[in-house]
Number of protein chains: 2
Amino acid sequence: MKELNIELHQGDCMDVMAGLPDNSVDMILTDPPYGIKYQSHGRTKSPKFEVLKNDDNDMRFVAYKEMYRILADDSVLVTFASWKNYHKDYAELEKYFDIKNVIVWWKHGGGMGDLKHTLATDYELAIVCHKGKCKLRGKREGSVWECGKVAPSKMVHATQKPVKLMRDLILKYTDEGDTVLDGFMGSGSTGVACVETGRNFVGIELDEKYYGISAERINEAQTATEGE
Amino acid sequence: MKELNIELHQGDCMDVMAGLPDNSVDMILTDPPYGIKYQSHGRTKSPKFEVLKNDDNDMRFVAYKEMYRILADDSVLVTFASWKNYHKDYAELEKYFDIKNVIVWWKHGGGMGDLKHTLATDYELAIVCHKGKCKLRGKREGSVWECGKVAPSKMVHATQKPVKLMRDLILKYTDEGDTVLDGFMGSGSTGVACVETGRNFVGIELDEKYYGISAERINEAQTATEGE
DNA sequence: ACTACGGTTGAATCCTGAA
DNA sequence: GTTCAGGATTCAACCGTAG
């Protein structure tokens with residue numbers, strides 16, 4: 001396999017993105033904090049994961065604008081949302097992009113909270129934003145994608161996305177050798193998916209701990225795919 | 001089975017709702033025009049169905065406020081949306097209601113449009129809005145509901161919802177003998193589901209033709225369930 | 001290869017009290 | 001008044017281990 005260009009940054013995504021040229025990446029696939037101060041596992045005492053850094057609306061909204069500049073024409077930005085913050089992200093993204101699809105990631109499995117009065121929320125939304133016209137690779141598909149979530153014992157980040165889901169998205173919107181950007185790496189699933197599918201990757205993470213975890217996971221994926 | 005109270009009105013839903021007392025219905029289940037000037041089957045010449053009447057944002061937004069008044073405490077309004085207008089409805093409904101869930105109705109099967117550049121949208125969203133606290137009947141459930149769509153050959157309305165879907169929603173949020181309101185009847189599926197589940201029904205439809213179709217379908221359902 | 005069983009979990013929600 | 005933080009609560013599904 002041709003050698004990939006993997007470029008990781010620890011720091012604020014606005015600072016790092018400022019150094020990236022216009023129209024320079026072929027896809028942006030990212031999962032910013034939703035602005036809900038999510039405390040994983042409902043525990044405030046000895047939580048498994050800390051509350052996320054950068055967890056406010058303005059942060060990601062400013063980033064979306066900068067991402068539009070960096071993204072190449074005829075490419076997509078895919079960003080995640082829950083039904084509670086979706087309407088805010090939609091209204092913001094609509095200013096720059098053509099929103100052409102919203103994919104429902106059906107993750108199955110229970111929810112939490114007041115289950116007498118509310119249904120368990122077992123999906124998240126992926127907003128597909130076009131800059132120009134990005135053609136879809138592979139076979140024709142619907143907008144509800146079933147994919148199991150990461151097993152709790154294997155979780156290294158509170159809101160970790162499955163590599164399989166990221167891989168499917170990358171395969172749908174890019175070609176081999178393209179470059180993918182993730183401004184909020186978290187656990188680094190996007191980067192791992194890039195390595196597995198032969199895409200170059202630019203990853204940014206503010207939190208030192210998660211930067212380290214991301215780098216390690218991506219490195220492991222590179223070792224695993226060597227000699228293929 | 002106890003005799004049901006079925007009350008159908010042909011006219012503007014604002015006019016009819018003005019005559020309904022506060023807190024007088026136990027659920028509102030409705031599917032207003034989405035404000036996207038939907039022309040069924042992509043045809044502008046000799047379309048199968050005409051462009052819907054009442055198809056603008058303001059109409060349903062004003063109606064939502066009036067519906068809040070009519071709805072009893074500890075009950076829900078369930079209204080449908082697509083991902084394209086969801087953010088507008090959400091922002092409006094949030095002013096009056098507690099939005100507690102958004103159900104994804106996964107209808108399977110392809111959509112239309114530019115399939116080289118967009119995925120087929122094969123779901124719609126049902127926004128569950130609480131006035132007070134409405135408890136859920138039956139077993140605990142997730143938020144993605146699979147239900148096949150109405151066969152094209154049996155369609156009598158451009159945006160017709162399956163009776164099964166409406167029945168499941170009614171069973172989840174009401175008890176037998178409760179009263180359900182639909183301010184935008186369309187094909188009358190909500191009314192048919194009420195008859196089948198033993199709920200009283202108040203239905204309103206502006207369009208004369210669809211009012212007739214609704215009345216007929218509901219009437220047939222009543223005949224079919226007689227003697228049960 | 002499978003099944004059975006028990007512990008753990010969840011982009012949550014409610015309530016109370018402090019600031 | 002209103003916002004914010006902490007602790008209790010939730011249960012079907014999933015995971016991991018044993019047999």
Quiz item: Roughly, in whole Å, what's the span from CG in A:Asp114 to C1' in D:dT9?
Solution: 9 Å
Exercise. Taking the side chain as every heavy atom from C-beta outward, state whether B:Asn101 and A:Thr121 have any atom pair closer than 4.5 Å.
Key: yes
Quiz item: Would a 4.5 Å heavy-atom cut-off, applied to side chains only, mark B:Lys88 and B:Phe61 as touching?
Solution: yes
When you compare the protein's N or O atoms with those of nucleotides 3-5 of chain D, which come within less than 3.5 Å of each other, and at what distance?
none

Quiz item: Rounded to whole angstrom units, what separation is found between the CZ atom of B:Arg140 and the P atom of C:dT13?
Solution: 12 Å
Quiz item: C:dA11, C:dA12, D:dT10: which one has an atom nearest the side-chain heavy atoms of A:Leu115?
Solution: D:dT10
Practice problem: Rounded to whole angstrom, note down the C1' distance from C:dT13 over to C:dT9. | Solution: 16 Å
Quiz item: When the distance from CG of A:Asp55 to P of C:dA12 is rounded to whole Å, what number comes out?
Solution: 11 Å
Exercise. Please state whether the rings of B:Trp106 and A:Trp106 are parallel, tilted or perpendicular, taking 30° and 60° as the class boundaries.
Key: perpendicular
Quiz item: When the distance from CG of B:Leu136 to C1' of D:dA12 is rounded to whole Å, what number comes out?
Solution: 15 Å
Quiz item: Is it true that A:Asp168 and A:Lys172 have a side-chain N and a carboxylate O under 4.0 angstrom from each other?
Solution: no
Quiz item: Nearest to the side chain of A:Tyr38 - C:dA12, C:dT13, C:dC14?
Solution: C:dA12
Quiz item: Any side-chain heavy-atom pair from B:Met27 and B:Leu181 closer than 4.5 angstrom?
Solution: no
Quiz item: When you match A:His117 and A:Thr121 each to their closest nucleotide on DNA chain C, which lands nearer the 5' end?
Solution: A:Thr121
Quiz item: In whole Å, what is the span from the CG atom of A:Asp122 to the P atom of C:dA11?
Solution: 9 Å
Exercise. For DNA chain D, just give me the dot-bracket, please: Watson-Crick or G-U, both distances below 3.5 Å, ( ) intra-strand, [ ] crossing earlier pairs, | paired with another strand, . unpaired.
Key: .||||||||.|||||||||
Quiz item: So do A:Met59 and A:Met14 actually touch side chain to side chain, heavy atoms under 4.5 Å?
Solution: yes
Exercise. Please state whether the rings of A:Tyr68 and A:Phe97 are parallel, tilted or perpendicular, taking 30° and 60° as the class boundaries.
Key: perpendicular
Quiz item: When the nearest nucleotide of DNA chain C is assigned to A:Gly111 and to B:Asn101 on a heavy-atom basis, which residue is associated with the more 5' position?
Solution: A:Gly111
Quiz item: Are the aromatic rings of B:Tyr86 and A:Tyr90 close, with centres under 6.0 Å apart?
Solution: no
Exercise. May I ask you to test the A:Thr30-A:Thr190 pair for a side-chain heavy-atom distance under 4.5 Å?
Key: no
Exercise. Please work out if A:Ser82 contacts a base, only the sugar-phosphate, or nothing of the nucleic acid, heavy-atom cut-off 4.0 Å.
Key: nothing
Check the interface with nucleotides 14-17 of chain D: list each N/O to N/O pair with the protein under 3.5 Å, or write none.
residue	atom	partner	partner atom	Å
D:dG16	OP1	A:Ser153	OG	2.0

Practice problem: Please state how far atom CD in A:Gln39 lies from atom C1' in C:dA12, giving the value in whole angstrom units. | Solution: 12 Å
Self-check item: Rounded distance in Å - OH (A:Tyr123) to P (D:dA13)
Solution: 19 Å
Practice problem: Using a 4.5 Å cut-off on heavy atoms from C-beta on, say whether the side chain of B:Thr197 contacts that of B:Thr174. | Solution: no
Quiz prompt | B:Arg137 side chain to B:Lys135 backbone, donor-acceptor under 3.5 Å | solution = yes
Quiz item: Between C:dG7 and C:dA11, how far is it from one P atom to the other, in whole Å?
Solution: 23 Å
Quiz item: Separation of A:Lys116 atom NZ from D:dC11 atom P, in whole Å?
Solution: 6 Å
Exercise. Please test B:Asp89 against B:Tyr64 for side-chain hydrogen bond (donor to acceptor under 3.5 Å, both in side chains), starting from the C-alpha separation and ending with a verdict.
Key: CA-CA 9 Å; B:Asp89 289 62; B:Tyr64 287 152; 2.7 Å; yes
